[in-house]
Chemist: 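So that we are looking at the same thing, I have put the structure below in structure tokens.
Hydrogens, waters and symmetry mates play no part in the numbers below; they use all other heavy atoms, side chains included. In listed order, ligands and their atoms are each counted from 1. Because the structure is a prediction, the values reported are computed rather than measured.
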Amino acid sequence: MNANNSTLRAAITGLGVYLPEKRLTNQELEQMLDTSAEWIVQRTGICERRIAAPKETTFTMALEASRQALTVANLSAAKVDLIICATLTPEHPFPSTASLLQHALGATRAAGFDLEAACAGFIYALSVARAYIISGMAENILVIGSETMSRVVDWEDRSTCILFGDGAGAAVVRAVRGPAEVGGAIESVVLANDGSKASALIIPGGGSHSPTTEETVRQRLHFIQMNGSEVFKAAVRGMSDACLLAAERADLKLSELDLMVAHQANARIIEAVQRRLGLPDYKVYQNLQRYGNTSAASVPIALYDAQQEGRLRSGMRVAIAGFGGGFSCGAAIIRWG
Ligand code: ACO
């Protein structure tokens, strides 16, 4: 028997996204804060971001993205074995957003849990899905990144609130056999953490360390706090090192890589990663100008847009990379099916 044909692999077979309709432009931010549209574009590349309406939440956005991904993958919800929802802005502290999705989708046989690895969450969730599939524990997995960042940013802090946006992206990950060139595969995954830098990107309040009180609210501890330059440097190093290692594990030369889809945090971060990897412009995808940093949702939304725009096609080998609070970091090499 041909080993290649019999090997069990995990492949992305459908993507879906949901983005709120409301756009918040840099010009509108000029009216709200001591900032300028020009500063924001120059320092970040972001032109506008989407903001959830009051009725839109991490769950409702994840639900729409999941339904679309299932339709594209031609998979009924009843066949889903596992739902992994990557988010740092869950619907509630508990129960998990994945539980709510399980019920709303009618995924009657699915188990589900939320996964928190901040902006690297989608890569972490994909790695779990791949491991479940390769070990034979599941065949059909829904991996989602969904974030309502507008509810955890401090709208009085101009150094952070300009960066983030809301949205969701979902991927159906399925067990496939046969040639990878046809069915696609998540060929390698690399994960890393540097917990010594945990305080550089954090929501300090609302957990067991500082439960919500009038005092924590007064101190605005329930909002994101960030040391921007420390995050910047670590994100460049972390995502480029992770991409290099993921490529090595997939036995892929960087010159053979067709596209890099990195976490859409800041155009300057992506450009610095691109320089370190020696990639030409046409091999690097960016859509952060439209959506800002949607945290765990950014990579699946970018993959979706890249596919819609014809930048991501069957047979291509794509590197995805994420970096976020923790500091958590990850990368994967995917052969697009
Ligand atoms: N408008 C105008 N001026 C501003 C603004 C603003 N919105 N924000 C900060 N400034 C000022 C600062 O106060 C500072 O002024 P000072 O020199 O008088 O003190 C000046 O601009 C320069 O500030 P820097 O922090 O040095 O600016 P920098 O070029 O580093 O850009 C930025 C800041 C955009 C935040 C950058 O550090 C960055 O992108 N870091 C990574 C952030 C990130 O991506 N975080 C999320 C990734 S992980 C995750 O997604 C969870």
Side-chain angles (χ1 to χ4, degrees), residues 24-49 58 86-90 115-125 145-169 192-195 197-204 223-240 242 261-273 286-289 291-302 320-331:
L24 179 63
T25 64
N26 291 349
Q27 287 69 22
E28 288 170 287
L29 281 169
E30 273 182 346
Q31 311 303 314
M32 298 161 53
L33 299 157
D34 178 17
T35 189
S36 71
E38 197 191 350
W39 190 98
I40 299 172
V41 172
Q42 275 181 2
R43 300 290 178 121
T44 71
I46 299 164
C47 298
E48 60 181 36
R49 64 290 289 145
T58 295
T87 183
L88 64 84
T89 53
L115 184 152
E116 203 281 280
C119 301
F122 184 77
I123 317 268
Y124 272 65
S146 184
E147 302 279 20
T148 321
M149 300 303 287
S150 62
R151 305 218 170 117
V152 294
V153 297
D154 186 344
W155 288 102
E156 292 180 11
D157 176 4
R158 67 177 184 171
S159 65
T160 53
C161 73
I162 57 151
L163 299 172
F164 296 97
D166 300 333
N193 259 99
D194 180 4
K197 298 292 181 343
S199 61
L201 186 51
I202 188 170
I203 297 177
F223 293 131
I224 290 178
Q225 295 180 357
M226 182 181 75
N227 178 332
S229 60
E230 204 164 338
V231 173
F232 193 107
K233 285 181 270 174
V236 172
R237 205 172 39 245
M239 287 200 285
S240 40
V261 178
H263 172 46
Q264 304 287 303
N266 183 320
R268 287 159 55 218
I269 292 178
I270 296 175
E271 283 153 18
V273 173
Q286 277 192 34
N287 65 357
L288 58 83
Q289 58 279 9
Y291 310 128
N293 178 348
T294 56
S295 184
S298 93
V299 168
I301 293 173
I320 58 172
F323 183 91
F327 288 150
S328 56
C329 183

Chemist: Nearest heavy-atom pair of Leu201 and Met226: which atoms, and what distance?
Modeler: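 Closest pair (atom of Leu201, atom of Met226, distance): CD1-CG, 3.6 Å.
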Chemist: Do Ile162 and Trp39 pass the side-chain contact (heavy atoms from CB on, under 4.5 Å) test, and can you show the C-alpha distance, the side-chain angles, and the key distance before you say yes or no?
Modeler: CA-CA 10 Å; Ile162 57 151; Trp39 190 98; 3.6 Å; yes
Chemist: Yes or no on side-chain contact (heavy atoms from CB on, under 4.5 Å) for Leu24 and Leu29, after CA distance, side-chain angles and deciding distance?
Modeler: CA-CA 7 Å; Leu24 179 63; Leu29 281 169; 3.9 Å; yes
Chemist: Is at least one protein non-hydrogen atom found at under 4.0 angstrom from atom 44 (O) of ligand 1?
Modeler: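 It does: a protein heavy atom is found less than 4.0 Å away from atom 44 (O) of ligand 1.
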Chemist: Are Ala118 and ligand 1 in contact, using a heavy-atom cut-off of under 4.0 Å?
Modeler: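 No, Ala118 has no heavy atoms under 4.0 Å from ligand 1.
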Chemist: Taking it one step at a time, do Ile224 and Leu163 satisfy side-chain contact (heavy atoms from CB on, under 4.5 Å)?
Modeler: CA-CA 11 Å; Ile224 290 178; Leu163 299 172; over 6 Å; no
Chemist: Could you check whether atom 30 (O) of ligand 1 has a protein contact, counting only heavy atoms that fall below 4.0 angstrom?
Modeler: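 There is no protein heavy atom less than 4.0 Å from atom 30 (O) of ligand 1.
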Chemist: Look up atom 25 (O) of ligand 1 and tell me if a protein heavy atom lies less than 4.0 Å from it?
Modeler: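 For atom 25 (O) of ligand 1 the answer is no, since every protein heavy atom stays at 4.0 Å or beyond.
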Chemist: Any sub-3.5 Å donor-acceptor pair from Gln31's side-chain atoms to Leu33's backbone N or O?
Modeler: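 The answer is no, because no donor-acceptor pair under 3.5 Å joins these two groups.
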Chemist: What atoms of ligand 1 come within less than 4.0 Å of a heavy atom belonging to Ala265?
Modeler: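 Under 4.0 Å from Ala265, ligand 1 has these atoms: 44 (O).
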Chemist: Considering heavy atoms of the protein only, find what lies nearest to atom 1 (N) of ligand 1 and give residue, atom and distance to 0.1 Å.
Modeler: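 Checking every protein heavy atom, the shortest distance to atom 1 (N) of ligand 1 gives Thr35 OG1, 2.6 Å.
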Chemist: Please check: side-chain N/O of Gln264 versus main-chain N/O of Ala262, any donor-acceptor pairing under 3.5 Å?
Modeler: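 Present.
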Chemist: Mind listing the closest non-hydrogen atom pair of Leu115 and Gly121 along with its distance?
Modeler: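 Smallest heavy-atom distance, with atoms named: CD2-O, 3.8 Å.
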Chemist: Using protein heavy atoms only, decide if any is under 4.0 Å from atom 19 (O) of ligand 1.
Modeler: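 Answer no: nothing from the protein, no heavy atom, is under 4.0 Å.
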Chemist: In the protein, which heavy atom is nearest to atom 28 (P) of ligand 1, and how far is it?
Modeler: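 Of the protein heavy atoms, Arg43 NH1, 3.4 Å lies nearest.
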Chemist: Any idea which atoms of ligand 1 are less than 4.0 Å away from a heavy-atom of Cys119?
Modeler: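 Per the distance check, 48 (S), 49 (C), 50 (O), 51 (C).
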Chemist: Under the 3.5 angstrom rule, does the side chain of Asn193 hit a backbone N or O of Cys329 as a donor-acceptor pair?
Modeler: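 Looks like no, no N/O pair under 3.5 Å.
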Chemist: Just let me know how Ile40 lines up against ligand 1, side chain, backbone, both or neither, with a heavy-atom cut-off below 4.0 Å.
Modeler: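 No part of Ile40 comes within reach of ligand 1.
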Chemist: Under 4.0 Å and counting heavy atoms only, is there anything from the protein next to atom 14 (C) of ligand 1?
Modeler: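 No; the ligand atom in question lacks any protein heavy-atom contact below 4.0 Å.
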Chemist: Which protein heavy atom lies closest to atom 11 (C) of ligand 1, and at what distance to 0.1 Å?
Modeler: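 So the nearest neighbour among protein heavy atoms is Arg158 NH2, 3.6 Å.
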Chemist: I want to confirm something. Looking only at heavy atoms, which of Val231, Thr160, Ile46 is nearest to atom 47 (C) of ligand 1?
Modeler: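 Checking each option, the heavy atom nearest atom 47 (C) of ligand 1 is found in Val231.
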Chemist: State the atoms of ligand 1, each with its element, that fall below the 4.0 Å cut-off from a heavy-atom position in Ile269.
Modeler: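 The atoms of ligand 1 under 4.0 Å from a heavy atom of Ile269 are 41 (C), 44 (O).
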Chemist: Where is the nearest protein heavy atom to atom 48 (S) of ligand 1: which residue, which atom, and how far?
Modeler: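 It is Leu201 CD2, 3.3 Å.
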Chemist: Provide the number and element of each atom of ligand 1 under 4.0 Å from a heavy atom of Ser229.
Modeler: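 Going through ligand 1 atom by atom, the ones under 4.0 Å from Ser229 are 37 (O).
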Chemist: Going by the rule side chain to side chain contact (heavy atoms under 4.5 Å, CB included), which residues pair with Ala198 if we only count those two or more places apart in sequence or in a different chain?
Modeler: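 Partners of Ala198 under the side chain to side chain contact (heavy atoms under 4.5 Å, CB included) test: none.
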Chemist: Does the side chain of Thr58 come under 3.5 Å of the side chain of Thr148 through a donor N or O and an acceptor N or O?
Modeler: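 Present: a donor and an acceptor within the cut-off.
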Chemist: Under 4.0 Å from ligand 1, counting heavy atoms only, is it the side chain of Thr44, its backbone, both or neither?
Modeler: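 For Thr44, the contact with ligand 1 is made by the side chain alone.
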Chemist: What atoms in ligand 1 come closer than 4.0 Å to a heavy atom of Arg268?
Modeler: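 Listed by number with element, the hits are 29 (O), 31 (O).
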Chemist: Hey, is the main chain of Met149 close enough, under 3.5 Å, to the side chain of Thr89 for a donor-acceptor pair?
Modeler: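 Such a contact is absent between Thr89 side chain and Met149 backbone.
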Chemist: Looking only at non-hydrogen atoms, find the nearest pair between Val41 and Ile46 and report the distance.
Modeler: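 Answer, listing the atom of Val41 first, then Ile46: CG2-O, 3.6 Å.
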Chemist: List every atom of ligand 1 that sits less than 4.0 Å from any heavy atom of Asn293, numbering the atoms from 1 in the order shown and giving each element.
Modeler: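 So the answer, numbered in order with elements, is 46 (C), 47 (C), 49 (C), 50 (O).
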Chemist: Tell me: protein heavy atom nearest atom 33 (C) of ligand 1, and distance?
Modeler: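 Looking only at protein heavy atoms, the one closest to atom 33 (C) of ligand 1 is Trp39 CH2, 4.0 Å.
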Chemist: Students should be able to answer this: which protein heavy-atom is nearest to atom 41 (C) of ligand 1, and at what distance?
Modeler: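 Its nearest protein heavy-atom neighbour is Gly228 O, 3.6 Å.
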Chemist: Sequence neighbours left out, what passes side chain to side chain contact (heavy atoms under 4.5 Å, CB included) with Ala296? Give chain and number order.
Modeler: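 Partners of Ala296 by the side chain to side chain contact (heavy atoms under 4.5 Å, CB included) criterion, ordered by chain and then number, come out as Ala86, Glu147.
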Chemist: Against heavy atoms of Phe232, which atoms of ligand 1 measure under 4.0 Å?
Modeler: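 It comes down to these atoms of ligand 1: 38 (C), 39 (O), 40 (N), 41 (C).
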Chemist: With side chain to side chain donor-acceptor pair (under 3.5 Å) as the test, pick out the partner of Arg49 among Thr294, Asn26, Asn293, Asp166.
Modeler: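 In the set Thr294, Asn26, Asn293, Asp166, the residue that makes a side chain to side chain donor-acceptor pair (under 3.5 Å) with Arg49 is Asn26.
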Chemist: Among all protein heavy atoms, pick out the one at the shortest distance from atom 39 (O) of ligand 1; state its residue, atom name and that distance to 0.1 Å.
Modeler: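 For this ligand atom, the closest protein heavy atom is Asn266 ND2, 2.6 Å.
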Chemist: What atoms in ligand 1 come closer than 4.0 Å to a heavy atom of Met226?
Modeler: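 Counting from 1, the qualifying ligand atoms are 35 (C), 42 (C), 43 (C), 45 (N).
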